[in-house]
Amino acid sequence: MHEFLAKLHQYEIRIRKAINSQMRGNFHSIFKGSGLEFSDLRTYQYGDDVRAIDWNVSSKGHGTFVKIFREEKDQTVFFLVDVSASQEVGTATRSKLATTREVCGVLALSAIKEASHVGMYCFSDQKEKYLKPSNSLKHGYRLILSLFKLKPESVRTNLAGALLFTLNVLKRRSVVIMVSDFIDSGYEHNLKALARKHDLVVIHMYDKRETELPRLGIIPVYDTESRRTVWVNTSSPAFRNQIRQTFRQSQQQLERFCRQYNANYVALDSQEDYVPKLIELFRVRKYQ
């Protein structure tokens with residue numbers, strides 16, 4: 001666990017240094033304020049926006065006052081994490097789920113240090129783990145430890161149910177970071193509702209073994225979610241092309257969906273260095 005946390009700190013430092021050098025300024029967090037909040041009152045000055053006048057205070061006869069607003073910092077960052085069996089695809093030392101844990105850990109540490117409330121919901125086709133949002137560093141480490149030690153009870157996936165749970169539990173606008181391989185159907189309506197109500201970041205996790213199978217001839221393939229074994233010809237050009245096309249179409253469809261509803265989309269190969277793509281995500285969100 002200590003080695004895992006040390007790696008997270010190294011990744012976070014690397015991201016922050018890259019952002020600082022490329023932006024030539026202060027670190028701009030992915031977790032920007034979700035709006036404006038009232039800060040103070042001051043006397044009206046020529047040129048002030050009349051819409052900012054506080055008429056209730058001004059009517060007391062001591063002068064005309066305008067409201068001062070500042071960016072809201074006290075916000076919620078909520079991780080929606082797919083821990084179903086399809087997330088276990090990968091190498092013996094690095095699966096999609098292992099990369100998911102690292103990515104969530106890096107972003108959770110960053111969010112806590114930006115004084116955000118951080119929460120998490122891990123799901124399969126049921127609730128595997130739920131942590132209510134809180135903003136202490138202790139809570140941040142508890143979240144990471146819970147994700148690291150989690151052993152899912154179910155192997156199946158229900159994206160629609162997880163999205164509905166999030167819609168019901170988050171009462172105010174939040175940054176929702178959803179990490180999944182999106183191997184499911186019938187979730188689009190709830191994803192649309194989540195994107196409209198919250199600031200949604202979609203991290204699409206995949207592994208090249210799902211699209212570029214080695215040429216091994218006819219072999220048995222075990223589906224961890226359906227618990228069925230099917231025989232496939234991995235050397236067949238038609239089969240290999242079908243696998244690639246199916247993945248590419250689903251990826252493009254999800255990316256178009258996110259663009260349409262103003263959600264950020266990032267596709268991550270579980271075996272690649274994900275830091276550059278997270279840096280790009282920070283850059284994109286800065287200018288939104």
Side-chain angles (χ1 to χ4, degrees), residues 1 4-5 8-9 11-12 29-37 71-84 87 97-154 156-182 184 187 189-203 205 263-264 266 278 281 285:
M1 187 61 192
F4 176 73
L5 290 176
L8 291 184
H9 280 298
Y11 281 138
E12 191 202 4
S29 174
I30 186 177
F31 315 113
K32 61 185 180 182
S34 57
L36 297 176
E37 61 180 354
E71 185 179 4
E72 186 178 4
K73 297 295 184 182
D74 183 17
Q75 64 173 332
T76 298
V77 178
F78 193 79
F79 292 90
L80 187 54
V81 187
D82 183 354
V83 295
S84 62
Q87 286 279 72
L97 185 55
T99 304
T100 292
R101 287 183 174 123
E102 287 187 15
V103 170
C104 290
V106 167
L107 296 180
L109 284 178
S110 298
I112 285 291
K113 290 179 181 179
E114 292 296 320
S116 300
H117 286 71
V118 178
M120 179 180 70
Y121 179 63
C122 298
F123 67 93
S124 52
D125 64 342
Q126 64 183 40
K127 180 171 72 173
E128 298 287 352
K129 186 70 177 181
Y130 170 58
L131 290 176
K132 291 182 179 180
S134 182
N135 67 342
S136 68
L137 188 59
K138 180 180 178 181
H139 175 77
Y141 282 108
R142 180 188 168 206
L143 183 149
I144 294 170
L145 182 62
S146 297
L147 184 57
F148 181 73
K149 296 175 67 176
L150 180 64
K151 296 187 182 301
E153 295 180 2
S154 177
R156 299 182 182 277
T157 309
N158 184 353
L159 293 180
L163 291 163
L164 183 60
F165 176 90
T166 306
L167 283 165
N168 290 332
V169 79
L170 294 179
K171 303 304 181 184
R172 55 172 289 183
R173 182 172 174 82
S174 307
V175 176
V176 178
I177 301 176
M178 184 173 186
V179 188
S180 174
D181 54 17
F182 291 89
D184 199 9
Y187 62 83
H189 178 75
N190 288 356
L191 188 64
K192 182 195 304 184
L194 191 71
R196 285 177 169 171
K197 185 177 180 182
H198 299 284
D199 184 1
L200 178 62
V201 178
V202 168
I203 299 180
M205 195 67 63
N264 294 110
V266 180
L278 290 184
L281 176 63
R285 287 177 60 82

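In this text, all values refer to a predicted model and were calculated from it rather than measured experimentally. In what follows, every heavy atom counts, from backbone to side chain, and hydrogens, waters and symmetry copies are set aside.
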* To do: Measure the spacing between OH of Tyr187 and OG1 of Thr157 and express it to the nearest 0.5 Å.
  => 11.0 Å
* Does any N or O in the side chain of Asn190 come within less than 3.5 Å of the main-chain N or O of Ala160, such that one atom is a donor and the other an acceptor? -> yes
* Structure fact -> Taken in chain and number order and not counting sequence neighbours, the residues that satisfy ring pair (Phe, Tyr, Trp, His ring centres under 6.0 Å) with Phe165 are Tyr121, Tyr130
* Asked: Quick one: does Ser174's side chain have a donor or acceptor within less than 3.5 Å of a partner on Val176's backbone?
  -> no
* Spacing of Leu131 atom CG and Cys122 atom SG [to the nearest 0.5 Å] -> 7.5 Å
* Structure fact -> Taken to the nearest 0.5 Å, the spacing of Thr76 OG1 from His198 NE2 works out to 9.5 Å
* Asked: CG/Leu97 to CE/Met205 distance, rounded to the nearest 0.5 angstrom?
  -> 9.0 Å
Show me the donor-acceptor pairs within less than 3.5 Å that the side chains of residues 99-108 make with the rest of the protein, sequence neighbours left out.
from: Thr99; atom 1: OG1; to: Arg94; atom 2: NE; distance (Å): 3.4
from: Thr99; atom 1: OG1; to: Ser95; atom 2: O; distance (Å): 3.3
from: Thr99; atom 1: OG1; to: Ser270; atom 2: O; distance (Å): 2.7
from: Thr100; atom 1: OG1; to: Gln87; atom 2: NE2; distance (Å): 3.4
from: Thr100; atom 1: OG1; to: Lys96; atom 2: O; distance (Å): 2.9
from: Arg101; atom 1: NE; to: Leu147; atom 2: O; distance (Å): 2.8
from: Arg101; atom 1: NH2; to: Leu150; atom 2: O; distance (Å): 3.3
from: Glu102; atom 1: OE1; to: Arg94; atom 2: NH2; distance (Å): 3.3
from: Glu102; atom 1: OE1; to: Tyr274; atom 2: OH; distance (Å): 2.9
from: Glu102; atom 1: OE2; to: Lys7; atom 2: NZ; distance (Å): 3.2
from: Glu102; atom 1: OE2; to: Arg94; atom 2: NH1; distance (Å): 3.1

* Tyr141: what forms a side-chain hydrogen bond (donor to acceptor under 3.5 Å, both in side chains) with it, not counting sequence neighbours? -> His9
* Structure fact -> By side-chain hydrogen bond (donor to acceptor under 3.5 Å, both in side chains), Asp184 pairs with (sequence neighbours left out) none
* Would you say the side-chain atoms of Lys129 pair up with the backbone N or O of Met120, donor to acceptor, closer than 3.5 Å? -> no
* To do: Start with the C-alpha gap between Phe182 and Val202, add the side-chain angles, then the distance that decides, and say whether side chain to side chain contact (heavy atoms under 4.5 Å, CB included) holds.
  => CA-CA 10 Å; Phe182 291 89; Val202 168; 3.5 Å; yes
* To do: Compare all side-chain heavy atoms of Arg172 with those of Gln75 and state whether any distance is below 4.5 angstrom.
  => yes
* Partners of Glu153 by side-chain contact (heavy atoms from CB on, under 4.5 Å), sequence neighbours excluded? -> Gln126, Glu128
* Decide side chain to side chain contact (heavy atoms under 4.5 Å, CB included) for Asp82 and Phe123; before the verdict, give the C-alpha distance in whole Å, the side-chain angles of both, and the deciding distance to 0.1 Å. => CA-CA 5 Å; Asp82 183 354; Phe123 67 93; 3.6 Å; yes
* Structure fact -> For Pro133 and His117 the tightest heavy-atom approach is CB-CB, 4.0 Å
* Asked: Where do Ser116 and Asn135 come nearest, in terms of heavy atoms and distance?
  -> O-CB, 3.3 Å
* Determine the minimum heavy-atom distance between Leu200 and Ala195, stating which atoms define it. => CD2-CB, 3.9 Å
* Structure fact -> Taking every heavy atom of Leu163 against every heavy atom of Leu191, the minimum-distance pair comes out as CD1-N, 3.6 Å
* To do: May I ask you to test the Phe79-Val118 pair for a side-chain heavy-atom distance under 4.5 Å?
  => yes
* Taking Lys127 for its side chain and Ser124 for its backbone only, find out whether a donor-acceptor pair lies under 3.5 Å. => no
* Asked: Heavy-atom distance under 4.5 Å between the side chains of Leu170 and Lys197, does that happen here?
  -> no
* Structure fact -> Shortest non-hydrogen pair, Ser180 vs Leu159, comes out as OG-CD2, 3.6 Å
* State the CG-CD1 distance between Leu80 and Ile177, to the nearest 0.5 angstrom. => 10.5 Å
* Structure fact -> In short, Ile144 meets Phe4 closest at the heavy-atom pair CG2-CE2, 3.4 Å
* From Leu109 CG over to Leu137 CG, what is the distance, rounded to the nearest 0.5 angstrom? -> 7.5 Å
* **Contacts of Ser136 that satisfy side-chain hydrogen bond (donor to acceptor under 3.5 Å, both in side chains) - sequence neighbours left out** => none
